[in-house]
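In what follows, a single structure is set out as C-alpha cells and then discussed.
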Amino acid sequence: MPRPITATISLPSLRHNLGVVTHQLNSISSQNNRKRPFVWAVIKANAYGHGITNAVHAFSQADGLAMLDLDEAIQCRELGWQGPILMLEGFFKPSDIPLYEQYKLDATLHCREQLLMLEHSAPAYALNAFIKLDTGMNRLGFEPAEFGAAWAQAQQLRSRGRLAQLGKMTHFARADEVSAYTGEQLAEYLRMTQGLPGPDSVCNSAATLTPSVWQALPDTNAQWVRPGICLYGSTPFVSQSADALGLKPAMTLSSELISVRRVESGEGVGYGQMFRASKPMMVGIVACGYADGYPRHATTGTPVCVAGVRTRLLGRVSMDMLAVDLTNIPGSVVGSPVVLWGENGPSVDEVAQAAGTIGYELLCAVAPRVARIVVESNLEKDGQ
Ligand SMILES: *Cc1c(COP(=O)(O)O)cnc(C)c1O
C-alpha cells in the first residue's frame, strides 16, 4: 500500500471557477455596453500544481492559455489545445524562436535582448507578441523611457514579417490590496499606450475581479485578462476569502491518521517539543509532512480536519508526519480521514496564512510523491 496521502484535483471545480470569472466579466461588460475581455487562463507552474493535462481539459472554454515553460506549452498543443498560448516571459534563447513558430506561441517581449534575438532570427512565421511596459513592478518590461523605441522597433520587425499582431501589457504590483498604487500604474499604462493599436493585457486575478481596473482601459482595443490563482479556488486578495468570491477549491490534500496516542500533562509532541500538553489528551499522527509540500512553517493552531471535525495542528511539522489535536474527536482511529486543505477542510489560504505565506506557494509545492486523483465530473464524485 502506498502512503495514504493524496491530492484530489476536481475538474468540475476548475470549470466552475473559470465560470465565475467569465460570468462576472460578461455581466459587467454587458451592463456597461463594453466588449467582454478575453480570458487567458494562466496555467504556469504545472497549472499551480494541478497538472497541465487537467487544466487543458477543464479550461477548454477559456479564450487562451498563458504560461512560461516551453515544455508545458508544447504539452498543451500535444493535448490538442488549438487556441492562443501566451508565453508570459517570452523566449529565453534564440533557439526557442523556431519552437514558438512551430507551436504557434504568442510571445511577451519585455527586453531589448529579445528584440535583438528576433532581429537575428531567420524569418519563418510572424509571431504575435505583447510588448510589456514596466509601470512600477520593476520586474519585467520596458521602462517608460524606452517603451517608445521598443514599440517602434517591434513595428519594424512587423513590417519585415517577423511579428504579426502587436499588443501591449503590464503587471500590477499591489492589485491584491486596497492601494492607490494600482491606479497610478494604470494611469501610467494609459499615458504610455494611448492611441497605440492592438490588444491590451493588464489584469491578473485580483485586477480581473476588480472591474474598475479593466473598465478603465479603452474599449476600442481587444482586452485580455490573465487570471491564475482564482481559477484554482484560492483568493487573490489579502482580505477577501475564496468562498466569499464564490470560488471552489480545485485541490484537496487529504491523508489519514497512522497513529493515535495519549499524551500526558507536561509531555511534549514532536521535534523541539514545540507543543506541550497542559492536560492529558489524545493526539493523532497524520501521514503528511513537509516532504509532501505541507509547509514546515505552519505552527500549533493551524486548522486541519479529522473525520470531518475541524481541529488544530500541534507542534512542528516533520518531514513525513504531523501531529493533530484529537481532544474533541473521540471516535478517531488509525485510518480516520484527514483533510489538510480543500473540500471539507480548511481553505488552502487559511493554512497558508498560518504558515506566513500565500495559497499560491502551497498549491505549487505539493510534492511529486503525493498521488494525484482526478475527479472528472460531479456525477463520479457522487458515486453515480
Ligand atoms: C502569474 C501571472 C499572472 C496570474 O496571476 P494570479 O495572481 O495568479 O492571477 C498574470 N500575469 C502574469 C504576467 C503572471 O506572471
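Just so you know, ligand 1 is whichever comes first in the structure, and atom 1 is the first atom listed for that ligand.
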Original post:
Under 4.0 Å from ligand 1, counting heavy atoms only, is it the side chain of R226, its backbone, both or neither?
Top reply: both
Original post:
Would you say ligand 1 has an N or O under 3.5 Å from any N or O of K132?
Top reply: no
**OP:** Examine I229 against ligand 1 and note whether any of their N/O atoms are separated by less than 3.5 Å.
**Re:** yes
Original post:
What is the closest protein heavy atom to atom 9 (O) of ligand 1, and at what distance does it sit?
Top reply: S205 OG, 2.4 Å
**OP:** Identify the protein heavy atom lying closest to atom 12 (C) of ligand 1, giving its residue, its atom name and the separation to 0.1 Å.
**Re:** H171 CE1, 3.4 Å
Original post:
Is any side-chain heavy atom of R3 closer than 4.5 Å to a side-chain heavy atom of D320?
Top reply: yes
**OP:** May I ask you to identify the nearest protein heavy atom to atom 7 (O) of ligand 1, giving residue, atom name and distance to one decimal place in Å?
**Re:** Y360 OH, 2.6 Å
Subject >> Geometric N/O contact G228 with ligand 1, under 3.5 angstrom >> reply: yes
Original post:
What do you reckon, does P236 put a non-hydrogen atom under 4.0 Å from ligand 1?
Top reply: no
Subject >> Nearest-contact summary for atom 8 (O) of ligand 1 - protein heavy atom, Å >> reply: Y48 OH, 2.6 Å
Original post:
Who passes side-chain hydrogen bond (donor to acceptor under 3.5 Å, both in side chains) against Q31, sequence neighbours left out?
Top reply: none
Subject >> Shortest protein contact, atom 1 (C) of ligand 1 (heavy atom only) >> reply: K44 NZ, 1.4 Å
Original post:
If every non-hydrogen atom of G228 is compared with every non-hydrogen atom of Y48, which pair is closest and at what distance?
Top reply: CA-OH, 3.4 Å
